[in-house]
Amino acid sequence: MFKRFLLLLVLISFAVACSNKEAITTSKEKEKEVVKSVTYPEQPTLAVEMIQQKAGIHSEDLYASLEGSNVDSELPMGSAIEDLVVKDLEPKEIYNGLIHYLGADYSLVFESLKNFTPDYGAYDLSKEQPSFKNIAIHLDSSGSMNAQVSGGVKMDLAKQAIATYASGLPASSIVSLRVYGHQGTGSDNDKAKSCSSTEIMYDAHTYEQVSFEQALTKFKPSGWTPLAASIAAAYEDLKSSADDKSENILFVVSDGIETCDGNPIEEARKLANSDLMVSVNIIGFDVDDAGQKQLKETALAGNGTYYTVNSNVELNDTIQELLQDARATYERNFEIAKVGYKINMKKVEIGQGIEDLGASFMDVTDSERDVLFEAVSRLEDQEEITSEMGEELRTIIDDRHIAIREYINQLEDEAREKNNTKHQEVISSLK
């Protein structure tokens, strides 16, 4: 009887073990099926389509961390690598996943170069000239404007230059003066107050010396730099005096970058694309490399020009150049040869702007390549893929990089051709 009971117990244990083994096997097979079912969006093979794809899910913070540094082991792509499922996938499928999570945002640099339009301003006599210049002047009044440069204190020199500019404009010009960052201090406790400080000091009006000079005495350097907020406010400053023939211009004098978490590049783009078609021109006064990069990109996005000055002499020279351009709109009796020379120089200036746009575009695609290569290396280190798969992925990424760079060169050539064509039109309009 005992032997029968023991045999029955063995048979039951065996059945349970088989059942558990089958359950584990089934679970693993289901898990494997789930992994195999991962399908990433198919990535295009044409460069023009690649750069119009949405940015990768993890790209925003990732590429922001690359500013001024190289890709290294500290690059915060951990969550992207964790999300990326590569088991049982072919290199091409893994590449699709890499772009899905880590692809760069090309929208800004692409639109700027693709839609580039050369502007010869007052020299282009082939188009109807504006009836008057509608100018908003914005002055950085952050604490750093207390610093010294060759010739004196930056704020004092900037005020003198602005007074010279406003007084020298054609009599029909409308001018306004706004300052930003003039309240609070540079401390963290005062950041909110300072970052909300942008104020009109001289309402849009023809130039009146006493009133304008009084307006320049109403503020002093103080706090942070809400550049984006000030640029956004320019729309209403200009709209109050604009008409369908006015030339609407924003001039910003700044000695540094946005420090209030705004996006001055995007705000400048909005102004340029608004119904006022504002040109955003910026004078960078004793600005470091990081500041010059942002201010230059802001001017380009605003369909304007960036000027860099480091001393009182350079500032005054730039103001005189701007005044000469302003007067040129209304003074048609130029000496043809002299104007022709200036037009040729303008062509060179516009050509440099095209190169700057192309270089910014190249920077984005070079950064993307570095990020994707780093991701492949980490997958190899974690033994998620073999070295052979890694090399195949690098080849695919290289092909993408080369295709985009070739397309950038094509866009630059198209922009240069637009510049050449426009240059010839402007020269012909003098005859």
Side-chain angles (χ1 to χ4, degrees), residues 38-72 74-86 89 91-116 228 257-258 261-270 272-273 290 293-294 297-298 300-301 356-379 393-394 396-412:
V38 172
T39 303
Y40 299 112
E42 185 75 19
Q43 296 302 319
T45 56
L46 296 177
V48 65
E49 296 175 354
M50 292 176 186
I51 59 181
Q52 293 185 80
Q53 293 286 101
K54 288 184 178 179
I57 294 173
H58 295 282
S59 68
E60 185 173 356
D61 293 338
L62 178 61
Y63 286 92
S65 70
L66 283 174
E67 290 293 333
S69 63
N70 295 319
V71 178
D72 55 30
E74 300 303 317
L75 198 62
M77 62 168 64
S79 56
I81 296 298
E82 291 170 5
D83 291 348
L84 182 66
V85 177
V86 300
L89 296 183
K92 183 64 177 178
E93 296 172 305
I94 297 173
Y95 161 78
N96 290 337
L98 287 171
I99 302 301
H100 180 63
Y101 286 117
L102 301 173
D105 182 0
Y106 287 97
S107 57
L108 177 62
V109 288
F110 171 62
E111 293 297 331
S112 296
L113 191 54
K114 177 67 175 176
N115 299 324
F116 180 81
I257 62 174
E258 166 78 30
D261 307 317
N263 188 338
I265 298 172
E266 182 57 31
E267 295 301 337
R269 183 178 300 283
K270 289 179 182 177
N273 294 333
K293 183 176 185 296
Q294 186 186 77
E297 289 181 0
T298 300
L300 286 172
D356 290 341
L357 288 174
S360 296
F361 208 148
M362 290 290 186
D363 287 344
V364 175
T365 193
D366 289 348
S367 295
E368 181 187 67
R369 178 182 180 273
D370 291 343
V371 167
L372 295 175
F373 269 29
E374 177 65 17
V376 172
S377 296
R378 294 194 190 186
L379 289 174
L393 276 167
R394 290 185 182 91
I396 297 171
I397 293 166
D398 258 335
D399 289 342
R400 171 188 178 90
H401 182 244
I402 291 169
I404 292 175
R405 286 183 70 94
E406 288 177 349
Y407 184 62
I408 295 171
N409 290 331
Q410 176 188 326
L411 290 177
E412 284 190 76

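Everything numeric here is computed off the predicted structure, so don't read it as measured data. This chain uses plain numbering: 1 for the first residue, then up along the sequence. Keep in mind that the numbers below use all heavy atoms, side chains included, and drop hydrogens, waters and symmetry copies.
Proximity of Val86 to Leu84: side-chain heavy atoms (C-beta onward) are separated by under 4.5 Å at one or more points. By the 4.5 Å heavy-atom criterion applied to side chains, Ser377 and Arg394 are counted as neighbours. A heavy-atom distance below 4.5 Å is not found between the side chains of Arg400 and Arg369.
For Gln294, there are no side chain to side chain donor-acceptor pair (under 3.5 Å) partners two or more places apart in sequence or in a different chain. Residues satisfying the salt bridge (charged side-chain N to carboxylate O under 4.0 Å, His left out) test with Glu267, not counting sequence neighbours, are Lys270. Residues passing the side chain to side chain donor-acceptor pair (under 3.5 Å) test with Arg269 are Ser112, sequence neighbours excluded. Residues passing the salt bridge (charged side-chain N to carboxylate O under 4.0 Å, His left out) test with Asp399: none are found, sequence neighbours excluded. With sequence neighbours left out, Glu93 forms a side chain to side chain donor-acceptor pair (under 3.5 Å) with no residue at all.
Rounding to the nearest 0.5 angstrom, the gap separating the CD1 atom in Ile396 from the CD atom in Gln43 is 11.5 Å. Here CG of Leu113 is found 8.5 Å from OH of Tyr407. Values are rounded to the nearest 0.5 Å. The CD1 atom of Ile397 lies 9.5 Å from the CG atom of Leu102; values are rounded to the nearest 0.5 Å. To the nearest 0.5 Å, the span separating CG on Leu411 from CG on Leu357 amounts to 10.5 Å. Rounding to the nearest 0.5 Å gives a distance of 9.5 Å between CG of Asn96 and OG1 of Thr39.
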Task: Derivation of the side-chain contact (heavy atoms from CB on, under 4.5 Å) call for Glu374 and Asp370 - done: CA-CA 6 Å; Glu374 177 65 17; Asp370 291 343; over 6 Å; no
- [ ] Evaluate the criterion side-chain contact (heavy atoms from CB on, under 4.5 Å) for residue pair Ile94 and Val376; output intermediate values, then yes/no.
- [x] CA-CA 10 Å; Ile94 297 173; Val376 172; over 6 Å; no
- [ ] Carefully, step by step, assess Phe373 and Asp398 under the rule side-chain contact (heavy atoms from CB on, under 4.5 Å).
- [x] CA-CA 9 Å; Phe373 269 29; Asp398 258 335; 3.8 Å; yes
TODO: Assess whether side-chain contact (heavy atoms from CB on, under 4.5 Å) is satisfied between Glu42 and His100, documenting all intermediate values.
DONE: CA-CA 9 Å; Glu42 185 75 19; His100 180 63; over 6 Å; no
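Tyr101 places no side-chain N or O within 3.5 Å of a backbone atom of Ser59 that could act as its donor or acceptor partner.
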Below 3.5 Å, can you tabulate the donor-acceptor pairs from side chains in residues 359-366 to any protein atom, sequence neighbours excluded?
| residue | atom | partner | partner atom | Å |
| --- | --- | --- | --- | --- |
| Ser360 | OG | Asp356 | O | 3.1 |
| Thr365 | OG1 | Tyr106 | OH | 3.1 |
| Asp366 | OD1 | His401 | NE2 | 2.7 |
| Asp366 | OD1 | Arg405 | NH1 | 2.8 |
| Asp366 | OD2 | Arg405 | NH1 | 3.2 |

Distance-only criterion, 3.5 Å: show the donor-acceptor pairs between side-chain atoms of residues 47-57 and protein atoms not counting sequence neighbours.
| residue | atom | partner | partner atom | Å |
| --- | --- | --- | --- | --- |
| Gln52 | NE2 | Val48 | O | 2.8 |

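Closest heavy-atom contact between Val85 and Tyr40: N-OH, 2.7 Å. Minimum heavy-atom separation, Thr298 to Ala268: O-CB, 3.3 Å. Closest non-hydrogen pair, Ala228 versus Glu258, comes out as N-OE1, 2.7 Å.
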